[in-house]
K.L.:
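Encoded as structure tokens, here's the structure I'll be asking about.
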Amino acid sequence: RQRQMCIRDRTCCIWRVEDWKLLKILKKHKDKISYITFNKNGKTLVTGSVDKTVCIWKSKGPYWDKVSRQTLYGYTSSIDSLIFNHNDKYLSTATYNESQIWKKEKKKWFLVHKQTPPYVPPYMSWPNGITFNSDDSLMATGYGDGSVLIYRTDKKKCEKILYGKYNNWLSNVEFSHDSRWLAAASAEHVIYLWKVKEWKKKPPLEGPTKKIWDLAFFNKRYLVSASEDRNIYVWKLKKGEWGNKAVKILKGHEDEVSSVTFTPDKKYLFSASFDQEIRIWSVSDNDEKKWKFHSKINESIGVVKCLRFHPARDDGYLLAIAGGNIVYLWELTLDAKIKKVSQLKGHEIGSSIFKCEFSPKTGRYLASVSGDKTIRIWRLKSKKCIQKIGGYPGPVFSAAFDHDEKYLAIGSTSSILQLWNAPKKNRGSHCSLEWRTYDSLNCHKADFKNTSLSEENRILLDTLGAININSNVPGKK
């Protein structure tokens, strides 16, 4: 029945909720308090501080009028997380570079386990790109540590972990249209390729001199990349193998190219850049020499992070553009001229939308992910947000619909890949029901360090500082 509050004056204040009377001010820490938690019965309070100590406060009266204290030392950095196990017998503490387990015996807490895992920067465990293959049997996610996780969607578990190069940040992953190839764009200006099924790694595609931001396959012959060096690179499949050098380089942007996408009829390639221009290129499936600049669109929409086309339009093209905190919808003629412009507004002002994706089967929905820690699902017919999904600890970087529009996969800084399920009514004309969490997938090596403590508990230490304790007692769940 108490409520706690951490404040910067190094104290912890406890109130009684029923009348909000201040019961006690706890003073001991020499720097601000970073984490706080009660045990199950509310009679023990634990505080962690930037001063590298943990204080365990025990109430000896009903209203915290008398308090005993034990201070835990031995930490090398500020306390990031504290949690009791299910019976309050163990206390787990975590900093960014170590975890400690304390056990209560005869009213005192004693250190029983300590682990210092190799430090993994948080960004290495973020899923930056998500893609489904053509029949939705496989889902691939690219991570900051240079790995790609392959999931079997029917079993909801990781089947394979592929590595381009360790600690080489991956920005995006894409399956080819025939699902024979998987490509991953990297920060070390190369593209990694694997042949699906046997998952044989091929020689990387070289050419760009800086980071690669986006990828797009063109029919069965070409692969296109958007690069930080201001150029668009084109690779060609010859006799079943990809040449490691680009067969064409499209130049013209004055700043780094952030996104590339083809029109559904494969007549044009659209590219977006930090120079705030969208360029249109004519393409050919038979001869890369015919790829050339067509036109450009100058609209005041700021820096564009993502371009995506609606999959099924008969009277022209519908292009979604992620610019700032707004998704712009451009209706284009078949010769790539603007007919109408509309906007989808809802993300917080000052935030940036990283990606937007149409549902690929009907194009009825559009999902946008943002730095405001939310993903929004829009119904294009009404141009209204039908659902806002929040609660993430940081920015949401990636999202992808499966081709049958049954699932929406979301990747964020929580390092947990979520699958959201569309109700059956949502797949038809009526849209009153919400998308709901279907499953959470997490088996990434960089996310958790496993520590075997005892037969009673299994502790999973998240590199971001959050700790989960799962009971492993027979007969209990």
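In this text the structure is predicted, and so the values were computed from the model without any measurement.
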K.L.:
Flag this pair as yes if the NZ/CZ of Arg279 is under 6.0 angstrom from the six-membered ring centre of Phe270 and inside a 45 degree cone about the axis; otherwise no.
P.N.:
no
K.L.:
Donor-acceptor pair, distance only, cut-off 3.5 Å: does the side chain of Lys32 make one with the backbone of Val50?
P.N.:
no
K.L.:
Ignoring hydrogens, what is the shortest heavy-atom contact between Thr95 and Ser78? Give both atom names and the distance.
P.N.:
CG2-O, 3.3 Å
K.L.:
Any chance you could lay out the side chain to side chain contact (heavy atoms under 4.5 Å, CB included) test for Trp213 and Glu256, step after step, and finish with the verdict?
P.N.:
CA-CA 9 Å; Trp213 289 119; Glu256 55 189 276; 2.8 Å; yes
K.L.:
Do the side chain of Ser227 and the main chain of Ile232 share a donor and acceptor less than 3.5 angstrom apart?
P.N.:
no
K.L.:
Name all residues meeting the side chain to side chain contact (heavy atoms under 4.5 Å, CB included) criterion together with Ser273; count only those two or more places apart in sequence or in a different chain, and write none if there are none.
P.N.:
His253, Asp255, Asp275
K.L.:
Given 3.5 Å as the limit, does a donor-acceptor pair link the side chain of Ser186 with the main chain of Trp169, or not?
P.N.:
no
K.L.:
NZ of Lys266: more than 12 outside heavy atoms within 6.0 angstrom?
P.N.:
yes
K.L.:
In terms of the angle between their ring planes, are Trp291 and Tyr222 parallel, tilted or perpendicular, with boundaries placed at 30° and 60°?
P.N.:
tilted
K.L.:
In this structure, are over 12 heavy atoms from other groups packed under 6.0 Å from Lys339 atom NZ?
P.N.:
yes
K.L.:
Within a strict 4.5 Å, meaning less than it, do heavy atoms of the Ile150 and Leu138 side chains meet?
P.N.:
yes
K.L.:
Does Lys202 NZ have over 12 foreign heavy atoms under 6.0 Å away?
P.N.:
yes
K.L.:
Keeping Thr333 on the side-chain end and Lys337 on the backbone end, is there a donor-acceptor pair under 3.5 Å?
P.N.:
yes
K.L.:
Mark yes when over 12 heavy atoms from residues, nucleotides or ligands other than Lys292 sit less than 6.0 Å from its NZ; otherwise mark no.
P.N.:
no
K.L.:
For Leu318 and Leu329: C-alpha separation, side-chain torsions, deciding distance, then whether side chain to side chain contact (heavy atoms under 4.5 Å, CB included) applies.
P.N.:
CA-CA 7 Å; Leu318 178 61; Leu329 295 177; 4.1 Å; yes
K.L.:
Can a side-chain donor-acceptor contact be found between Thr93 and Tyr75 if the only test is distance below 3.5 angstrom?
P.N.:
yes
K.L.:
Under the side chain to side chain donor-acceptor pair (under 3.5 Å) criterion, do Ser351 and Asn325 qualify, and how do the steps go?
P.N.:
CA-CA 6 Å; Ser351 64; Asn325 67 320; 5.2 Å; no
K.L.:
Taking Glu288's backbone N and O only, do any of them form a donor-acceptor pair with Ser284's side chain (distance below 3.5 Å, no angle check)?
P.N.:
no
K.L.:
Start with the C-alpha distance between Tyr317 and His310, add both sets of side-chain angles, then the distance that settles ring-ring contact (aromatic ring centres under 6.0 Å, His included), and finish with yes or no.
P.N.:
CA-CA 7 Å; Tyr317 310 125; His310 189 281; over 10 Å; no
K.L.:
Determine whether Phe217 and Leu215 make a side-chain contact, defined as any pair of heavy atoms from C-beta on separated by less than 4.5 Å.
P.N.:
no
K.L.:
Mark yes or no: Lys220 above the aromatic ring of Trp181, with NZ or CZ under 6.0 Å from the six-membered ring centre and no more than 45 degrees from the axis.
P.N.:
no
K.L.:
Under a 3.5 Å distance rule, please check whether His294 uses its side chain to pair with a backbone N or O of Tyr268 as donor and acceptor.
P.N.:
no
K.L.:
Run the side chain to side chain donor-acceptor pair (under 3.5 Å) check on Ser179 and Ser134 step by step: do they pass?
P.N.:
CA-CA 6 Å; Ser179 299; Ser134 57; 2.7 Å; yes
K.L.:
Taking it one step at a time, do Val304 and Ser259 satisfy side chain to side chain contact (heavy atoms under 4.5 Å, CB included)?
P.N.:
CA-CA 8 Å; Val304 175; Ser259 183; 5.6 Å; no
K.L.:
Parallel, tilted or perpendicular: which describes the rings of Phe397 and Phe354, with under 30° parallel and over 60° perpendicular?
P.N.:
tilted
K.L.:
Go through Phe175 and Val196 one step at a time and tell me if the side chain to side chain contact (heavy atoms under 4.5 Å, CB included) criterion holds.
P.N.:
CA-CA 9 Å; Phe175 279 107; Val196 180; 3.9 Å; yes
K.L.:
Do Arg308 and Glu357 pass the salt bridge (Lys or Arg N to Asp or Glu O under 4.0 Å) test, and can you show the C-alpha distance, the side-chain angles, and the key distance before you say yes or no?
P.N.:
CA-CA 6 Å; Arg308 291 296 182 264; Glu357 295 287 347; 3.1 Å; yes
K.L.:
I'd like to know if Glu206 pairs up with Lys245 as an ion pair, taking the criterion as any Lys NZ or Arg NE/NH1/NH2 lying under 4.0 Å from an Asp or Glu carboxylate oxygen.
P.N.:
no
K.L.:
Do you know the tightest heavy-atom contact between Ser258 and Asp214?
P.N.:
O-CB, 3.6 Å
K.L.:
Does Asp178 use its side chain to pair, donor to acceptor, with the backbone of Arg180 at less than 3.5 Å?
P.N.:
yes
K.L.:
More than 12 heavy atoms of other residues, nucleotides or ligands under 6.0 Å from CD of Glu254: is that the case?
P.N.:
no
K.L.:
For Lys267, does the NZ atom have more than 12 heavy-atom neighbours from other residues, nucleotides or ligands under 6.0 Å away?
P.N.:
yes
K.L.:
Checking the side chain of Ser225 only, and the main-chain atoms of Ile212 only, is there a donor and an acceptor separated by less than 3.5 Å?
P.N.:
no
K.L.:
Among Leu223, Asp285, Leu269, whose side chain to side chain contact (heavy atoms under 4.5 Å, CB included) with Phe218 holds?
P.N.:
Asp285
K.L.:
Any side-chain heavy-atom pair from Leu250 and Val257 closer than 4.5 angstrom?
P.N.:
no
K.L.:
Would you please test Glu277 and Lys296 for salt bridge (Lys or Arg N to Asp or Glu O under 4.0 Å) and show each step?
P.N.:
CA-CA 7 Å; Glu277 282 187 356; Lys296 64 179 179 180; 3.3 Å; yes
K.L.:
Show the numbers, then the answer: is there a salt bridge (Lys or Arg N to Asp or Glu O under 4.0 Å) between Lys289 and Asp287?
P.N.:
CA-CA 5 Å; Lys289 295 180 180 179; Asp287 188 359; 5.7 Å; no
K.L.:
Tell me if a side-chain donor or acceptor on Asp402 pairs with a main-chain N or O of Tyr407 at a distance below 3.5 Å.
P.N.:
yes
K.L.:
Less than 4.5 Å apart, any side-chain heavy atom of Ile326 and any of His347?
P.N.:
no
K.L.:
Answer yes or no: is there a donor N or O on one side and an acceptor on the other, between the side chain of Thr37 and the main chain of Val46, under 3.5 Å?
P.N.:
no
K.L.:
Taking everything shown except Lys305 itself, do over 12 heavy atoms lie less than 6.0 Å from its NZ?
P.N.:
yes
